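Have a look at the structure below before the remarks.
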Amino acid sequence: MKTSADTSSVAPNLAPLDVLGRVSAGLAHDLRTPLTIVRNAVYLLRRSNSDDPKIVELLDMIDAETDAMNLILTGLNEITHSRNPEPEAIDVARVLPEVAARVDVNNLMEWKFDFDPPSIVWCDLPQFTLMMNKVFRNAVAAMKGQGQVAVRVRHDKDNDIIEVRDRGPGVAE
């Protein structure tokens, strides 16, 4: 009897990372289908209940979480398929507040941004967005959804530095 964990007969000549890549691609496809259905349902609900602020707030939360799930699936797919980064000049003064807004859809946090001019960094936008989404979510979780997150972007010689500070308990030594 074959189990889902038994990959030896399914792909006997594939390396473990190749098997993981195939499994993750199938998983990403299988999960994106229900995400699309959820997004379509949110769209229809927005059209029929757009006047109720509580419903709008809840739909915004659903949108933010489906975006986050999609980013996770994209990141998993990129990691397992060794996608080469495609660096481009991005304006972090535009991107970082957008990521924070998707993470903190209910505006419970106080976000402080400090950008050293110019606020342009050279990076792969999807990877950068995924990384900052994770960092911002960790900050929100550490402070239980209440408090201030300070984000500072600066340049030091040839490096772009992004500092994210929250007032959570920190990481145990």
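Bear in mind the structure is a predicted one, so any value in this text is a computation, not a measurement. One-based numbering along the sequence shown.
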Problem - Asp60 vs Glu57 side-chain heavy atoms within contact, under 4.5 Å - result: no
Side chains of residues 34-45: which donor-acceptor partners sit under 3.5 Å, not counting sequence neighbours?
residue : atom : partner : partner atom : Å
Thr36   : OG1  : Arg32   : O            : 2.9
Arg39   : NH2  : Asp67   : OD1          : 2.5
Asn40   : ND2  : Thr36   : O            : 3.4

Fill in the blank from the handout: For Glu98, the salt bridge (Lys or Arg N to Asp or Glu O under 4.0 Å) test, sequence neighbours excluded, returns Arg94
Fill in the blank from the handout: For Thr66 and Asp63, the nearest pair of non-hydrogen atoms, with its separation, is OG1-O, 2.9 Å
Handout entry: Results of side-chain contact (heavy atoms from CB on, under 4.5 Å) for Ala93 - residues two or more places apart only
Key = Asp91, Phe115, Ser119
Problem - Side-chain donor/acceptor of Asp160 to backbone N/O of Val121, under 3.5 Å - result: no
Exercise for the section: Mark yes or no for whether Asp124, through its side chain, and Glu86, through its backbone, hold a donor-acceptor pair below 3.5 Å. Expected result: yes
Exercise for the section: Check salt bridge (Lys or Arg N to Asp or Glu O under 4.0 Å) between Arg137 and all other residues, then give those that pass, not counting sequence neighbours. Expected result: Glu65
Practice task
Report yes if the side chains of Val92 and Phe128 come closer than 4.5 Å at any heavy-atom pair, otherwise no.
Solution key: yes
Completion exercise
Contacts of Asp114 meeting salt bridge (Lys or Arg N to Asp or Glu O under 4.0 Å) (sequence neighbours excluded), chain-then-number -> Arg152
Practice task
Name all residues meeting the side-chain contact (heavy atoms from CB on, under 4.5 Å) criterion together with Leu31; count only those two or more places apart in sequence or in a different chain, and write none if there are none.
Solution key: Leu27, Leu73
Completion exercise
Interatomic distance, CZ@Arg167 vs CD@Gln148, rounded to 0.5 Å, equals 4.5 Å
Problem - side-chain contact (heavy atoms from CB on, under 4.5 Å) partners of Asp30, counting only residues at least two apart - result: none
Practice task
For Arg165, enumerate each residue passing the side chain to side chain donor-acceptor pair (under 3.5 Å) test, keeping only those at least two apart in sequence or located in another chain.
Solution key: none
Completion exercise
Here the pair of heavy atoms bringing Asp52 nearest to Lys54 is OD1-N, 3.0 Å
Problem - Residue list, side-chain contact (heavy atoms from CB on, under 4.5 Å) with Lys144, at least two apart or on another chain - result: none
Completion exercise
What one should report as the nearest heavy-atom pair of Val140 and Val103 is CG2-CG1, 3.9 Å
Problem - side chain to side chain donor-acceptor pair (under 3.5 Å) partners of Gln146, counting only residues at least two apart - result: none
Handout entry: Side-chain heavy-atom pair Val95, Met132 within 4.5 angstrom cut-off
Key = no
Exercise for the section: Locate the shortest heavy-atom distance separating Leu108 from Gly145; write the atom from each residue and the value. Expected result: CB-O, 3.2 Å
Practice task
May I ask you to test the Val149-Val164 pair for a side-chain heavy-atom distance under 4.5 Å?
Solution key: yes
Handout entry: ring-ring contact (aromatic ring centres under 6.0 Å, His included) pairs, two or more places apart, involving residues 135-166
Key = Trp111-Phe136
Problem - ILVMFWY clustering at 4.5 Å (side-chain atoms), partners of Ile161 - result: none
